[in-house]
There are 2 protein chains.
Amino acid sequence: MTYQNTQEILTALVDPTRRDIFESLGPEARAVSDLAKGRPISRPAVSQHLKVLEDAGLARSERRGTRNLYAMRPEGLAELRTYLDRFWSDVLASYAEEVSKQQGQTHDND
Amino acid sequence: MTYQNTQEILTALVDPTRRDIFESLGPEARAVSDLAKGRPISRPAVSQHLKVLEDAGLARSERRGTRNLYAMRPEGLAELRTYLDRFWSDVLASYAEEVSKQQGQTHDND
DNA sequence: ACTTACCGTAAGTTATGACTTACCAAAACA
DNA sequence: TGTTTTGGTAAGTCATAACTTACGGTAAGT
């Protein structure tokens with residue numbers, strides 16, 4: 001299981017329905033039917049979304065009897081956060097460098 | 001222009017090709033043809049990707065003659081970062097509360 | 001003026017993923 | 001035992017989005 005893949009995390013979060021399900025998860029595990037209740041989609045659809053979330057590392061499941069309980073796994077967001085931070089530091093530093101380099105000048109390539 | 005929408009940012013970043021284009025942008029603006037060079041897709045495809053990135057607030061463009069120059073806009077990542085941070089603080093705090101509530105029990109994460 | 005370079009957009013194709021219903025397996029309960 | 005509850009999976013439908021080629025429009029070069 002290759003946990004913590006940026007592509008998988010983004011794919012998991014980009015769908016509004018699935019993101020909503022993710023947001024509705026908490027530290028206490030909840031059953032699939034419970035999570036499906038009150039939603040405009042079927043229980044199998046919710047089940048499919050939960051599988052995607054789990055594969056992405058954003059949720060974990062524990063079976064209790066016939067029930068399958070899902071909980072949020074916020075640590076799963078770590079890699080995406082790191083990905084974003086890379087640009088914050090990288091590019092903002094690069095920006096500062098560029099600005100000081102370009103002071104009073106215009107340059108173009110070709 | 002409704003800048004800074006989480007859905008748009010996620011949509012913009014989830015496509016690997018578009019994310020790669022985003023990552024190839026820097027503080028110095030580059031022309032579309034230049035960005036398309038060396039990629040396995042056509043120039044119009046790159047142009048379409050850049051439009052999505054710009055609409056999401058992740059890139060900015062400036063015209064110079066017939067050329068359209070694109071640069072990264074890292075500030076555009078702010079809202080997504082805030083979105084993620086919400087879960088870090090929210091849920092981790094909630095976790096701490098749960099943990100202290102469940103003290104004396106066995107917990108097995110990771 | 002003609003030609004070239006650069007780029008956005010329209011239209012059409014195709015792959016993918018988000019749903020549905022139907023089905024099956026396993027555990028709880030009578 | 002039979003029945004109910006719970007939930008994963010298979011199969012099929014449908015919408016969308018990532019590409020392609022074709023085209024038009026504008027600025028620069030000759």
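Residue numbering restarts at 1 for every chain, and letters A, B, ... go by the order of the sequence lines.
The nearest whole Å value for the distance from the CZ atom in A:Arg30 to the P atom in D:dT6 is 14 Å. Separating the CG atom of B:Asn68 from the P atom of C:dC6 is a distance of 13 Å, rounded to the nearest angstrom. Between B:Arg63 atom CZ and C:dA5 atom P there is a gap of 18 Å when expressed in whole angstrom units. We find that CD of B:Glu62 is positioned 17 Å from P of C:dC6, with the value rounded to whole Å. Distance B:Glu54 CD to C:dC7 C1': 13 Å, rounded to the nearest Å. Atom-to-atom, CG of B:Leu35 to C1' of C:dG8 comes out at 15 Å; the value is rounded to the nearest Å. The distance between atom CG of A:Leu50 and atom P of C:dA18, rounded to the nearest whole Å, is 13 Å. Between the CD1 atom of B:Ile21 and the P atom of C:dC7 there is a distance of 13 Å, given to the nearest Å.
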*asked:* Within the 4.0 Å limit for protein heavy atoms, which parts of nucleotides 24-30 of chain C are touched? Write it as a string from 5' to 3', B for base, S for sugar-phosphate only, - for none.
replied: ---BS--
*Produce a footprint string for nucleotides 13-24 of chain D: one letter per nucleotide, 5' end first; B if the base is under 4.0 Å from any protein heavy atom, S if only the sugar-phosphate is, - if neither.*
-----SBBBB--
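Scanning for ring pair (Phe, Tyr, Trp, His ring centres under 6.0 Å) contacts around B:Phe22 gives A:Phe87, with sequence neighbours left out. Under the side-chain contact (heavy atoms from CB on, under 4.5 Å) criterion, B:Ser33 pairs with B:Arg43, sequence neighbours left out. For A:Val52, the side-chain contact (heavy atoms from CB on, under 4.5 Å) criterion is met by A:Ala12, A:Arg18, not counting sequence neighbours. Not a single salt bridge (Lys or Arg N to Asp or Glu O under 4.0 Å) links B:Lys37 to another residue, sequence neighbours left out.
Across all strands shown, C:dA1 is found opposite D:dT30 as a Watson-Crick or G-U wobble partner, with both distances under 3.5 Å.
The shortest distance between the side-chain N/O atoms of A:Ser33 and the OP1/OP2 oxygens of D:dG7 is below 4.0 Å. Between B:Tyr70 and the phosphate of C:dG8, there is a side-chain N or O to OP1/OP2 separation shorter than 4.0 Å.
In this structure, the side chain of A:Glu79 engages the main chain of A:Thr6 through a donor-acceptor pair within 3.5 Å. Under the 3.5 Å distance criterion, the side-chain polar atoms of A:Arg86 are left unmatched by any main-chain donor or acceptor of A:Thr82. Put simply, the side chain of A:Gln7 gets close to the backbone of B:Val14: a donor and an acceptor are under 3.5 Å apart.
Listed here is the closest heavy atom pair of A:Ala56 and A:Ile9: O-CG1, 4.0 Å.
Side chains of A:Ser24 and A:Arg19: a donor-acceptor N/O pair is absent below 3.5 angstrom, by distance only.
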